[in-house]
There are 2 protein chains.
Amino acid sequence: MPRRTLPFDPIVEARKNWENAGWSDAAAGMALVTSVMRAHQILLARVDASLGPFNLSFARYEVLMLLSFSRTGRLPLGKIGQRLQVHPASVTNVIDRLERDGLVRRLPHPSDQRTTLAAITPSGRKAAKLATEAVNRDVFEQTELGEKPLQQLFEGLANLRHSAGDFT
Amino acid sequence: MPRRTLPFDPIVEARKNWENAGWSDAAAGMALVTSVMRAHQILLARVDASLGPFNLSFARYEVLMLLSFSRTGRLPLGKIGQRLQVHPASVTNVIDRLERDGLVRRLPHPSDQRTTLAAITPSGRKAAKLATEAVNRDVFEQTELGEKPLQQLFEGLANLRHSAGDFT
DNA sequence: GAACAATACTTTGAACTCAAACTAAATGGA
DNA sequence: TCCATTTAGTTTGAGTTCAAAGTATTGTTC
C-alpha cells in the first residue's frame with residue numbers, strides 16, 4: 001500500500017460533513033465504525049508483515065495457536081470456527097493450507113464420522129513458537145498507547161463484542 | 001456466518017494463555033489487536049447488510065460519499081485512494097463497479113492526461129442519500145455504547161491511526 | 001531537447017471471505 | 001424401522017484486497 005500522511009484527520013472531516021448534512025445523531029457512530037475499519041487495516045498489515053516470513057496469515061496463525069493451547073492439540077473443525085468466529089468454508093480453506101504446509105493434519109473423529117479433527121504437528125508447534133516470538137516483538141509489544149488507554153480501548157471493544165452476541 | 005454465543009470471552013481466554021506462556025508483555029497488545037479484528041468483522045457485516053439492497057459495499061459507499069461531499073462532485077482517482085486509504089488497484093476496481101452501475105462516470109482531467117476524474121452522477125447522488133439513510137438508521141445510530149465510552153473508543157483509535165502515520 | 005525518473009492509472013494473478021449448494025453421517029420421532 | 005431433520009464438512013462461485021508488472025504521460029536534469 002502506498003503510504004500517505006494527510007495534514008488532517010479524514011474521519012474528523014467526515015464527521016463534520018455528517019453534522020453539516022443534518023445527520024448529527026449518526027455522526028459519532030459513523031466516526032467510530034470508520035475508525036474501526038481503518039484500525040483493522042493498519043493492524044492487519046502489521047501482523048501479516050510479521051507473520052509473512054513464516055508463511056502464515058493471521059487466520060492461519062490464530063488456528064495454530066488455538067490448537068497449541070488446546071488440551072490435546074486437536075480440535076474438531078467446527079469448534080475452531082466457533083471459537084475464532086470464522087466461516088466453515090474458511091476453516092476448510094485454512095486447514096487445507098496448514099495441512100499442505102505440514103503444520104496440522106486431519107484425523108477422523110473416533111466416534112462421530114461426520115466430524116474431522118485438526119491436530120497440530122511437531123512442526124506446527126515449532127512454527128507457532130517462532131511466529132509468536134515475531135509477532136509479539138513486532139506488533140503486540142509495540143502498542144504506542146499507554147497501559148490505561150489500551151485497557152480502555154479493549155474494554156470498549158469488549159462491550160461491542162458482547163452486545164453483538166459473541167459471548168455472555 | 002453461523003452465529004454462535006460462547007459462555008466466555010474467547011479473547012480474555014487467549015490473554016490468559018499468553019500470560020501463562022510467559023508472554024505477559026505482549027498479552028494486552030494481543031488482546032487489543034484481536035479485539036479490533038473481531039470488531040471490524042462485526043461492524044462490516046452490519047454495514048454490508050444495510051448497504052446490500054443498494055448494491056453497495058462499504059468501500060463503494062465511502063467513495064460515493066467522498067464524491068458527494070467534494071466541492072465539484074469529482075475527484076482524481078489518486079486523491080480518492082489517499083483519502084480513503086485504499087490501494088490504487090482497488091480504486092480502479094471500485095470505480096469500475098460504480099461506473100457500471102451508473103453512479104459515477106470517468107472524466108479526463110482537463111490539464112493532466114495521466115489522471116482521470118471520477119464524477120458522481122445524479123443517480124449516484126440519489127443512491128448516496130438513500131444508502132446513508134439506511135446505514136445511519138441500521139448501524140451508525142445503533143451503537144449500544146453510551147456517548148462517553150463511544151467518544152473514548154474513537155479517541156483511542158484516533159491515537160492508533162495518528163501514530164500509524166495516517167495524519168499529522 | 002533528449003534521456004531518465006516520477007506519477008497516474010490499469011491489468012493480471014494470488015490470496016482470502018462468504019454464501020449457497022452439496023454429500024455424508026447422526027438424530028429423533030411416527 | 002423408516003423418513004425427515006439436523007449437523008459437519010467440502011466444493012464452487014462471486015466479490016475483495018494487495019502486489020507486481022505494464023502503459024502512458026509529465027517532470028527534471030544535464
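A:Met37 has its CE atom 15 Å from the C1' atom of D:dT17, to the nearest Å. Between the CZ atom of B:Arg100 and the P atom of D:dG15 there is a distance of 7 Å, given to the nearest Å. Rounding to whole angstrom units, CG of residue A:Leu117 and P of C:dA25 are separated by 16 Å. Remark: C1' of D:dG15 and CG of B:Leu51 are 15 Å apart, rounded to the nearest angstrom. Atom CD1 of A:Ile95 and atom C1' of D:dT11 are 17 Å apart (whole Å). The interatomic distance linking B:Asn93 (CG) with D:dG15 (P) rounds to 10 Å, in whole Å. Distance B:Arg97 CZ to D:dT16 C1': 11 Å, rounded to the nearest Å.
Residues A:His87 and A:Gln41 each lie close to DNA chain D; by heavy-atom proximity, the contact nearer the 5' end of the strand is made by A:His87. Between B:Asp96 and B:Thr115, the residue anchored nearer the 5' end of DNA chain C, judged by the nucleotide with its closest heavy atom, is B:Thr115.
The side chain of B:Asp112 sits closest to D:dT26 out of C:dT17, D:dT26, D:dT10. Here the nucleotide nearest the side chain of A:Arg114, chosen from C:dT11, D:dT16, C:dA25, is C:dA25. Closest approach to the A:Gln113 side chain among C:dA25, C:dT10, D:dG15 is made by C:dA25 (side chain taken as heavy atoms from C-beta onward).
Residues A:Gln151 and A:Glu155 have side chains that bring a donor and an acceptor to within less than 3.5 angstrom of each other.
Considering only side-chain N and O atoms, B:Arg106 lies nowhere under 4.0 angstrom from the phosphate OP1 or OP2 of C:dA8. Between C:dC18 and A:Ser90, a contact under 4.0 Å exists linking OP1 or OP2 to a side-chain N or O.
Residue A:Thr92 is classed as a base contact, given a heavy-atom separation below 4.0 Å to a base.
Residues B:Lys16 and B:Glu13 are paired through a salt bridge, judged by an N-O separation under 4.0 Å between the basic side chain and the carboxylate.
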- Task: Tell me, with the steps shown, if B:Arg46 and B:Asp138 meet salt bridge (charged side-chain N to carboxylate O under 4.0 Å, His left out).
- Result: CA-CA 8 Å; B:Arg46 288 186 192 172; B:Asp138 299 341; over 6 Å; no
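The aromatic rings of B:Trp18 and A:Phe69 are tilted relative to each other, their planes meeting at an angle between 30° and 60°.
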